[in-house]
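Notes follow once the structure below has been shown.
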Amino acid sequence: MSDGEDTVAGADDAVADDALLVLTAMLLTPARFPGVLGDDYVAACGALALEPYEEGYGLVLGQDGEGARWTVVVEDAAQVAVAIAAWDCGMEHDLSPDERSMVCALPGWPMDLAVSAPGVPEPHDPETDGEGPAPLTPPDTEAWGPAQRRLGADEIAAQWSVWREQLDDVRFSRPGDEGEPENGVEGEPQNDPSSSPRHPGVRRALSEATAYTKAPPPPGRIRSSYASADARTLRVDGPGWSMVARTDDIALFLLDEEPGTVIPVGRGAALPGLLTALDGLAAQPT
């Protein structure tokens, strides 16, 4: 994250006369995009009225001199990726995209930020006089739905080891175990990954994920990122469900019909093959 002192000037007519104090930036590419915007890259672009170009975009979030929130869309995704990588390593990096790469400036932010620019009023939506798009707004944290489900899955993917440690003492039930699974943990899949788990929503999700291996879904529906030398972290989404998994470990599911609940599925005989197949189809950062 930047220190709030970088600037992007002339982003759009709405902010052309005022520099943007950059707070953070995100990528919007087939391999990496804010899950809050949609289940896949095409849907995420659609949420911002952007064409889903293969090269993708960068999203620069900041405030103008009056404190108003703006999301500036730039074509130079590579420059934004470099800035994000530097910030993630704790390094300072100026993010000042060339004005020629700027696509548009959208009022508001698609998600909450825990920081604000120094020396300007508190973050607020700009006055647009009813012209142009409505301000982007973060999802309601008091509600549960697709956006919150995807945000939860994104957080689990980013903090996999923390979530995994919480399951170290849980015994994963196996198919044929009597009674309900302990601690709500789903059974381990056998030959058909969708046949074993007791939860119908998880069975549906596994069935749809398996179908992806036969008919690939839209770009970004399956994403893969580095986990270790021998493993990848997968983020897979579908109608009403999100999956986070590591190719050398288990899978965790979030469902629209189960507010705030994380449902683990053990590896069993079939899950490893499914995860490997999904990884082969996944959009991967370059």
Side-chain angles (χ1 to χ4, degrees), residues 1-38 40-65 68-120 123 126 132-133 135-136 138 154 157-158 219-220 223-226 233 235 282-286:
M1 184 170 291
S2 73
D3 58 9
E5 296 180 355
D6 303 327
T7 61
V8 177
D12 193 75
D13 288 344
V15 293
D17 297 328
D18 203 351
L20 187 75
L21 303 171
V22 175
L23 297 176
T24 191
M26 304 175 218
L27 287 174
L28 177 57
T29 68
R32 185 175 175 183
F33 58 87
V36 66
L37 296 176
D40 53 59
Y41 174 63
V42 177
C45 287
L48 302 181
L50 299 171
E51 289 294 325
Y53 296 125
E54 183 178 354
E55 296 79 6
Y57 305 89
L59 304 179
V60 182
L61 279 61
Q63 295 173 260
D64 63 22
R69 307 180 186 96
W70 291 95
T71 298
V72 176
V73 182
V74 299
E75 291 180 333
D76 195 346
Q79 184 185 29
V80 172
V82 169
I84 293 172
W87 297 338
D88 286 347
C89 293
M91 302 168 56
E92 292 187 7
H93 187 91
D94 290 336
L95 177 57
S96 299
D98 190 294
E99 185 174 339
R100 291 171 296 180
S101 76
M102 296 177 187
V103 178
C104 62
L106 302 172
W109 296 335
M111 56 200 313
D112 278 324
L113 300 184
V115 295
S116 59
V120 299
L136 301 173
D154 287 347
R223 287 167 280 159
S224 174
S225 59
Y226 176 84
T233 296
R235 271 287 285 109
Q284 301 186 10
T286 57

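Just the heavy atoms: all of them, side chains too, but no hydrogens, waters or symmetry mates, feed the values below. For the single chain, residues carry numbers from 1 onward in sequence order.
The side chain to side chain donor-acceptor pair (under 3.5 Å) test applied to R223 returns D237, not counting sequence neighbours. R69 is linked by a salt bridge (charged side-chain N to carboxylate O under 4.0 Å, His left out) to D125, counting only residues two or more places apart in sequence or in another chain. Applying the side-chain contact (heavy atoms from CB on, under 4.5 Å) criterion to A43, with sequence neighbours excluded, gives D40.
Closest of all the heavy-atom pairs between L28 and A44 is CD1-CB, 3.8 Å. Nearest approach of M26 to L61, heavy atoms of both residues: CE-CD2, 3.4 Å. Closest heavy-atom contact between S224 and A282: CB-CB, 3.5 Å. Contact between A25 and V80 at its shortest, heavy atoms only, is CB-CG1, 3.8 Å. The two residues V74 and M102 make their nearest non-hydrogen contact at CG1-CG, 3.9 Å. When all heavy atoms of P126 and G108 are compared, the pair lying nearest together is CD-N, 4.1 Å.
Side chain of D76 to backbone of S101: no donor-acceptor contact under 3.5 angstrom is found. Judged by distance alone, with hydrogens and angles left aside, the side-chain atoms of W109 form no donor-acceptor pair with the main-chain N or O of P138 at under 3.5 Å.
Counting heavy atoms from C-beta on, the side chains of S116 and L21 never come closer than 4.5 Å. In this structure the side chain of E54 never reaches within 4.5 angstrom of the side chain of Y41, judged on heavy atoms. Looking at V73 and L59, their side chains come closer than 4.5 Å, going by heavy atoms from C-beta outward. Here the side chains of V72 and V22 are not in contact, with every heavy-atom distance at 4.5 Å or above. The shortest side-chain heavy-atom distance between P123 and L113 does not fall under the 4.5 Å cut-off. In this structure, the side chains of T24 and M111 stay at 4.5 Å or more apart for every pair of heavy atoms. In this structure, Y57 and C45 have side chains that are in contact, with non-hydrogen atoms separated by less than 4.5 Å. Inter-residue side-chain proximity for V60 and W70 is flagged as unmet; no heavy-atom pair is nearer than 4.5 Å.
To the nearest 0.5 Å, atoms CG (L50) and CG (L106) are separated by 6.5 Å. We find the OG1-CG distance between T71 and L20 to be 9.0 Å, quoted to the nearest 0.5 Å. Summarising the geometry, atom CZ belonging to R235 is positioned 13.0 Å from atom CZ belonging to R32; distances are rounded to the nearest 0.5 Å. To the nearest 0.5 Å, the span separating CG on L23 from CD on Q63 amounts to 5.0 Å.
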Go through it in stages, so that I can follow the logic: the residues are L136 and L48, the test is side-chain contact (heavy atoms from CB on, under 4.5 Å), and I'd like the CA-CA distance, side-chain angles, deciding distance and then a yes or no.
CA-CA 9 Å; L136 301 173; L48 302 181; 3.7 Å; yes
